[in-house]
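One-based numbering along the sequence shown.
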Amino acid sequence: MAAKNPFDLSGRVVVITGGNGGIGLGMAEGLAVMGAKVAVWARNEEKNAKALARLAEAPGEAMALAVDVNSQEAVDAAMAQTLERFGRVDGMFANAGISARKASLLDRTEDDWRRVFEANVLGVHRVFKAAATHMVERAKDGDAFGRLVVTSSTSTIFGAAGNEPYGGSKGAVLSMMRALAVELARFGITANAILPGWTESEMTAPAFSNEKFVKATMGRTPIRRYCTPEDFSNLAVYLMTDGASAHTGDCLRIDGGYSIF
């Protein structure tokens with residue numbers, strides 16, 4: 001009798017916020033290829049439709065919902081729709097986030113801080129709370145399994161000059177993740193963070209078109225290339241497997257060695 005593929009995610013359901021492009025879509029595609037049912041929650045309906053078309057090529061079933069993580073009502077409604085469609089949620093990848101405008105601390109406004117923390121910290125709290133509530137209920141019924149994964153940033157390691165609200169928000173979710181890893185472990189729920197380095201996406205396109213920036217950052221990247229969304233596909237798959245059940249409270253860097261060189 002053939003052994004089961006340990007990376008087969010058939011029967012698992014995963015939500016990815018901000019999953020209609022960049023790192024989020026890269027993770028969604030990897031999960032769908034391994035048979036997971038994927039729900040993309042993101043604000044842009046046009047991008048959602050394009051992401052859904054790409055995911056349709058994979059074995060796993062997919063759906064896309066227009067969701068703003070700044071709204072608890074929108075998050076709760078999306079969770080209800082996802083559960084109605086798929087019956088369960090096994091993984092929540094909190095990937096949606098925004099950056100602040102580049103500015104000196106001397107010119108920074110409190111509104112910048114509020115806007116970034118609203119999306120990058122409270123947004124994570126909202127989706128994790130919605131998912132964990134469901135996961136804990138399942139665990140109490142004898143079905144203990146859950147994965148909470150937040151996309152943080154290597155800006156929590158090095159100084160993100162001119163972007164301290166972003167770096168601060170990404171550091172805050174690391175503390176949140178560690179707390180949840182301890183609090184929810186008894187329900188079979190793990191919590192981890194992914195720390196991307198410089199990755200090709202719409203958000204980083206302006207920086208990557210700057211010759212001075214490319215020269216400075218590529219010289220500090222041992223693998224001599226920027227990361228791509230596809231570099232996050234297999235990591236997402238691994239975190240959703242049974243084999244990752246003891247892997248919790250961790251920060252996984254995908255940055256081509258940038259943060260250690």
Side-chain angles (χ1 to χ4, degrees), residues 17-27 42-44 68-70 93-128 149-179 191-232 235 249-261:
T17 70
N20 61 7
I23 291 171
L25 183 55
M27 293 191 291
R43 292 184 296 181
N44 189 310
D68 184 353
V69 299
N70 288 336
F93 283 68
N95 174 73
I98 62 172
S99 184
R101 64 184 178 88
K102 278 284 188 177
S104 164
L105 170 68
L106 307 183
D107 301 317
R108 179 71 65 196
T109 68
E110 289 188 6
D111 284 343
D112 287 334
W113 283 89
R114 292 190 186 96
R115 183 176 64 87
V116 173
F117 269 65
E118 179 71 31
N120 294 1
V121 180
L122 292 177
V124 173
H125 160 73
R126 292 184 187 103
V127 300
F128 274 1
V149 183
V150 61
T151 300
S152 180
S153 169
T154 48
S155 64
T156 60
I157 300 171
F158 59 84
N163 207 4
E164 69 280 2
Y166 179 79
S169 70
K170 293 300 184 178
V173 295
L174 296 185
S175 295
M176 184 194 305
M177 172 273 293
R178 293 187 182 103
N192 290 287
I194 296 173
L195 278 61
W198 297 113
T199 303
E200 295 175 2
S201 69
E202 289 183 18
M203 183 183 292
T204 56
F208 288 179
S209 65
N210 184 311
E211 185 177 344
K212 183 179 179 180
F213 170 87
V214 171
K215 183 177 180 180
T217 54
M218 192 58 71
R220 276 189 54 188
T221 305
I223 66 171
R224 291 298 184 265
R225 69 170 177 85
Y226 293 121
C227 296
T228 67
E230 291 71 27
D231 288 318
F232 299 84
L235 176 58
D250 197 8
C251 298
L252 299 108
R253 284 179 288 181
I254 305 294
D255 67 351
Y258 182 88
S259 59
I260 62 170
F261 187 53

Smallest separation among heavy atoms of [X] and [Y], with atom names:
X	Y	value
Val69	Ala119	CG2-O, 4.2 Å
Ser155	Ala160	CB-CB, 3.8 Å
Asn163	Ser99	ND2-OG, 3.1 Å
Gly249	Arg178	O-CG, 4.3 Å
Ala94	Phe128	CB-CE1, 3.7 Å
Thr221	Phe261	N-CD2, 4.5 Å

With heavy-atom distances below 4.5 Å as the criterion, would you say the side chains of [X] and [Y] are in contact?
X	Y	answer
Val124	Met176	yes
Pro165	Arg115	no
Ser201	Ile23	no
Lys170	Leu174	no

Stepwise side chain to side chain contact (heavy atoms under 4.5 Å, CB included) test for Trp113 and Glu164: CA-CA 9 Å; Trp113 283 89; Glu164 69 280 2; 3.3 Å; yes
Nearest-0.5 Å distance, [atom1] of residue [X] to [atom2] of residue [Y]:
X	Y	atom1	atom2	value
Ile194	Asp255	CD1	CG	12.5 Å
Ile260	Thr154	CD1	OG1	12.0 Å
Asp112	Phe117	CG	CZ	12.0 Å
Leu235	Leu252	CG	CG	5.5 Å
Met218	Ile223	CE	CD1	8.5 Å

Main-chain N/O of [Y] paired with [X] side-chain donor or acceptor, under 3.5 Å:
X	Y	result
Lys215	Asn210	no
Thr199	Cys227	no
Asn95	Gly18	yes
Thr17	Ala96	yes
Asn70	Gly123	no
Ser153	Leu195	no
Asn192	Asp250	yes

Over 12 non-hydrogen atoms of neighbours within 6.0 angstrom of CZ in Arg220: yes
Derivation of the side chain to side chain contact (heavy atoms under 4.5 Å, CB included) call for Val149 and Met27: CA-CA 11 Å; Val149 183; Met27 293 191 291; 5.7 Å; no
Contacts of type ring-ring contact (aromatic ring centres under 6.0 Å, His included), residue Phe158, not counting sequence neighbours: Tyr258
Stepwise side chain to side chain contact (heavy atoms under 4.5 Å, CB included) test for Phe93 and Phe232: CA-CA 12 Å; Phe93 283 68; Phe232 299 84; over 6 Å; no
Aromatic ring pairing Tyr226/Phe208, orientation class (parallel under 30°, perpendicular over 60°, tilted between): parallel
Arg126 and Leu122: CA distance, side-chain angles, deciding distance, side chain to side chain contact (heavy atoms under 4.5 Å, CB included) verdict: CA-CA 6 Å; Arg126 292 184 187 103; Leu122 292 177; 3.7 Å; yes
